[in-house]
Amino acid sequence: MRGLAARLDGRVIRKATLSRGDLRRVIPAGLAARLTGARVTSFRRRGKYILMRLDGGDSLLLHLGMSGRMAIRPSSAAHPGEKHEHLVIETEDGWRIGLIDPRRFGLLDLLPTVEEDAHSLLRGMGPEPLDAAFTPAVLGAALSGKRTPIKAALLDQHVVAGLGNIYVSEALFRAGISPRRLATSIPGARAERLVPAIKATLTEAVAAGGSSLRDYVQPDGELGYFQHAWKVYGRQGLACERCPGVPPCPGIRQMTQAGRSTFFCPRTQR
DNA sequence: CAAGAATCCTGTCAGC
DNA sequence: TGCTGACAGGATTCTT
């Protein structure tokens with residue numbers, strides 16, 4: 001969102017082009033026409049959704065799904081026909097911002113700005129994990145009585161907003177909590193560890209991922225570097241960094257929970 | 001009601 | 001080189 005705001009906030013959209021009518025759901029008719037000629041007045045993020053406000057009172061709702069990304073280039077640059085570029089926004093000051101989403105799990109919608117919080121996709125969403133209001137007591141209350149593994153509970157956007165499959169594994173490792181543990185056992189001392197672990201994981205990821213969006217300005221920009229900071233995700237079989245040397249770490253394990261990969265250290269996460 | 005499975009879609013990679 | 005199957009950063013809907 002910060003990368004988009006750097007190029008779009010305060011700018012006038014010269015032209016918006018939609019090349020297909022659906023992503024995860026049908027895109028409202030007239031969305032491109034509404035963007036064209038509008039000035040972008042502010043940005044907001046809620047969970048994994050980005051909201052771009054326009055003068056005139058509407059907001060563009062954007063979700064990148066699993067495979068979506070934004071490509072930012074000067075309008076003057078050559079465009080060797082990116083595949084799966086579903087929406088293109090060109091600004092009056094000469095930038096071209098494209099939404100590229102091969103799997104089309106992403107989402108676009110248009111809604112009145114005053115109704116953002118009432119939107120069906122945002123209503124009922126859990127607290128923002130980086131807000132001061134996201135405390136161990138708040139997380140504990142959301143998990144209390146839930147007889148699902150904590151891994152699955154943290155992926156539920158109604159419990160806490162914005163955590164994905166990678167960050168859940170990373171946060172549980174930092175907190176020393178087994179992904180198999182039932183959510184209802186978290187309130188109390190474990191929530192006291194888990195909340196700061198979630199905040200630290202996301203703060204570091206945003207710092208690293210923000211750089212990737214800036215790099216998108218380059219034609220062959222790198223995707224970012226938080227993947228180099230993963231402590232368990234994708235590291236099955238490797239030693240974790242928290243086990244004492246003797247005896248050595250039994251190795252990071254991978255398993256499937258609710259259809260998603262989970263990575264964890266079987267010794268330090270209990 | 002809650003939890004797991006199936007589902008949408010395309011690209012990539014391992015194995016043959 | 002080419003084919004097949006498994007799997008991928010998400011979230012909703014269907015089953016159990």
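So that the names make sense, note that chain A is the first sequence line, chain B the second, and so on, each numbered from 1.
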In whole angstroms, the gap separating P of B/dA6 from CZ of A/F105 amounts to 15 Å
For this session: Taking atom types as modelled, find out whether A/S178 and A/Q269 have a side-chain donor-acceptor pair closer than 3.5 angstrom.
Result: no
- Message: One pair to check against salt bridge (Lys or Arg N to Asp or Glu O under 4.0 Å): A/R69 and A/E82. What are the steps and the verdict?
- Response: CA-CA 12 Å; A/R69 63 189 175 89; A/E82 281 250 32; 3.3 Å; yes
When rounded to whole Å, the CE to C1' distance for the pair A/M66 and B/dT7 reads 12 Å
Between the protein and nucleotides 13-15 of chain B, which nitrogen or oxygen pairs are less than 3.5 angstrom apart?
none

Is the backbone N or O of A/T256 less than 3.5 Å from a side-chain atom of A/S261, with the two atoms forming a donor-acceptor pair by type?
no
If only side-chain N and O atoms count, and only distance matters, is there a donor-acceptor pair under 3.5 Å linking A/S59 with A/T113? yes
Mind listing the N/O atom pairs, protein and nucleotides 1-5 of chain B, below 3.5 Å?
residue : atom : partner : partner atom : Å
B/dA3   : OP1  : A/R147  : N            : 2.8
B/dA3   : OP1  : A/T148  : N            : 3.2
B/dG4   : OP2  : A/T148  : OG1          : 3.4

Taking the P atom in each of C/dT12 and B/dG11, what is the distance between them to the nearest angstrom?
24 Å
Q. In the single-linkage hydrophobic clustering (I, L, V, M, F, W, Y; side-chain heavy atoms under 4.5 Å), do A/L31 and A/L121 co-cluster?
A. no
From CZ of A/R103 across to P of B/dT12 the rounded distance in Å is 12 Å
Query raised in the report: Do we see a donor-acceptor contact under 3.5 Å between the side chains of A/D109 and A/H119?
Result: yes
Under a 3.5 Å threshold, yes or no: a donor from one side chain and an acceptor from the other, between A/E170 and A/T201?
no
Per-nucleotide protein contact along nucleotides 11-16 of chain C, 5' to 3', at a 4.0 Å heavy-atom cut-off (B base, S sugar-phosphate only, - neither), is SS----
B/dC9 versus C/dC14 - spacing of their P atoms, nearest Å = 15 Å
| task | With P as the reference atom in both, quote the distance from B/dA5 to C/dC7 in angstrom, rounded to an integer. | result | 14 Å
- B/dG11 phosphate, OP1 or OP2, under 4.0 Å from A/H84 side-chain N/O: yes
Under 3.5 Å donor-acceptor, A/T135 side chain and A/V138 backbone:
yes
(request) Using only heavy-atom distances, determine whether the side chains of A/D55 and A/T41 contain a donor-acceptor pair under 3.5 Å. (result) no
Whole-Å distance, A/I100 CD1 to B/dT10 P, equals 16 Å
Let's test your reading of the model: under 3.5 Å, does the base of B/dC9 pair with the side chain of A/R104 as donor and acceptor?
no
Scanning all shown strands, the Watson-Crick or wobble mate of B/dC9 with both distances under 3.5 Å is none
message = If only side-chain N and O atoms count, and only distance matters, is there a donor-acceptor pair under 3.5 Å linking A/K146 with A/T184?
response = no
Q. Base, sugar-phosphate, or nothing for A/S261, non-hydrogen atoms under 4.0 angstrom?
A. sugar-phosphate
Just by modelled atom types, is the A/F173 backbone N or O under 3.5 Å from a matching donor or acceptor in the A/T268 side chain? no
Kindly work out whether a path of hydrophobic side-chain contacts (I/L/V/M/F/W/Y, heavy atoms less than 4.5 Å apart) joins A/L143 to A/L182.
no
Atom CD of A/Q236 and atom C1' of C/dA6 are separated, to the nearest Å, by 14 Å
